[in-house]
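Since we're looking at a predicted model, the values are computed, not measured. Numbers here simply count residues along the sequence, with the first being 1.
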Amino acid sequence: MRSRTGRIGLILALASLALLGVSVWQMQRKLSTRTDMKDRSIVWFNDPILEPSFEFQDVPCEVRTVESEGVKHVEVDWRGQTVVFDIGGRDDPRLPKLLRHEDWFKILPMAEDRAGTQDEVVQKLVSGETKPRLIIAARYPAEGFSSGSWGLVRRRDWRYRFVEFKIDGPADQAIVEHATTYREIERIVAPGPRDKPVEGLTQQQREDAAWQYYAMLQVTPAPLYRAKDKVVEQGMRAMGWTWPAAGVATLGLIVGAGLFMASKVGRPSL
């Protein structure tokens, strides 16, 4: 009986090992040839800028929180132009510098490149091959809801405002603004199974949506992200049958090895 159990365990372990090898090999092949990653840029963000007065690429920038007629807002000066942000979340003057607005408002140095990894983007920044950009990402509750209200649960209706500060070009075009919602930008970059494909967008619009999606996450609290990680989901979809096969093979290998080892354990003599 023990020899029969041992043979079954050995056969199961060897078959599972073979299946695991094939599935891992196919998994690697599928991931290395993913077509959905072919035209995707890598977006890199540096730490948020916390100083209200700073220089970016030798251009001065001034940020201030002001109150007018009992209403506070944030003003940002850049190359003689001023952009104004309504307060979209916490405003705690007890916190130093721009930390008082950090949960909804961040100034972020950014880079976007078709490099393979973020480390490669950083290397290109150091060498000067890729130029850094400066943006502001701001998050607001759903339309018609105040900050801290039921608007927090209407995640896909949250509103986002993105501002990019241009270093070159005419001063009157130095500030470029974009406005969108969680729902609109997610439908372009990481659509859910019920989202209809967004058509008619130019390549530039899709590239803008890509960096805006990741900028959006910079001012969205991690516990409030959409429950399903779209990047992981896309990777699992690309692996196809290989990842469940690898899981079954691993389980079979454990069971087979257990049966084989158990067959070698003798019963104590009485």
What's the separation between atom [atom1] in [X] and atom [atom2] in [Y], rounded to the nearest 0.5 Å?
X	Y	atom1	atom2	value
Leu108	Tyr214	CG	OH	15.5 Å
Lys106	Asp47	NZ	CG	9.5 Å
Thr130	Glu120	OG1	CD	10.5 Å
Lys166	Gln57	NZ	CD	13.5 Å
Gln212	Ile135	CD	CD1	8.5 Å
Leu125	Met110	CG	CE	10.5 Å

Check for me, please, whether [X] and [Y] land in the same ILVMFWY cluster - side-chain distances under 4.5 Å, paths through other members count.
X	Y	result
Leu50	Val74	no
Leu201	Val43	yes
Leu217	Val189	yes

Do the side chains of Asp92 and Arg90 get close enough for a salt bridge, i.e. N-O under 4.0 angstrom?
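Here Asp92 does not pair with Arg90 in a salt bridge, since their nearest N and O are not under 4.0 Å apart.
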Distance-minimising heavy-atom pair for Pro109 and Leu134:
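Result for this residue pair: N-CD1, 4.1 Å.
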Ser53 and Glu62: which non-hydrogen atoms are nearest, and at how many Å?
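Here Ser53 and Glu62 meet closest at OG-OE1, 2.6 Å.
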I'd like to know whether Arg156 forms a side chain to side chain contact (heavy atoms under 4.5 Å, CB included) with Thr181, so could you lay out the CA-CA distance, the side-chain angles of the two residues, the decisive distance to 0.1 Å, and finally the verdict.
CA-CA 7 Å; Arg156 298 199 78 192; Thr181 65; over 6 Å; no
Partner set under salt bridge (charged side-chain N to carboxylate O under 4.0 Å, His left out) for [X], not counting sequence neighbours:
X	result
Arg133	Glu112, Glu164
Arg79	none
Lys97	Glu51
Glu102	none

Pair Tyr160-Thr220, side chain to side chain contact (heavy atoms under 4.5 Å, CB included): steps then yes or no
CA-CA 10 Å; Tyr160 290 84; Thr220 302; 2.8 Å; yes
Residues in side-chain hydrogen bond (donor to acceptor under 3.5 Å, both in side chains) contact with Trp44, at least two apart in sequence or another chain
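By the side-chain hydrogen bond (donor to acceptor under 3.5 Å, both in side chains) rule, Trp44 matches no residue at all.
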Just say parallel, tilted or perpendicular for the rings of Trp104 and Tyr140, cut-offs at 30° and 60°.
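Ring orientation of Trp104 relative to Tyr140: tilted.
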Under 6.0 Å between ring centres: does that hold for Phe56 and Phe165?
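Centroid distance Phe56-Phe165: not below 6.0 Å, so no.
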Are the side chains of Trp78 and Val83 in contact, using a 4.5 Å heavy-atom criterion?
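No, too far: nothing below the 4.5 Å cut-off.
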Does any part of the side chain of Asp208, heavy atoms only, come nearer than 4.5 Å to the side chain of Phe162, both counted from C-beta?
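No, side chains not in contact.
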Scan for salt bridge (Lys or Arg N to Asp or Glu O under 4.0 Å) pairs involving residues 173-183, sequence neighbours excluded, and state none if there are none.
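Sorted result for residues 173-183: Asp157-Arg183, Arg161-Glu177.
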Which of these, Lys72, His73, His101, sits in a side-chain hydrogen bond (donor to acceptor under 3.5 Å, both in side chains) with Thr65?
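Only match with Thr65 under side-chain hydrogen bond (donor to acceptor under 3.5 Å, both in side chains): His101.
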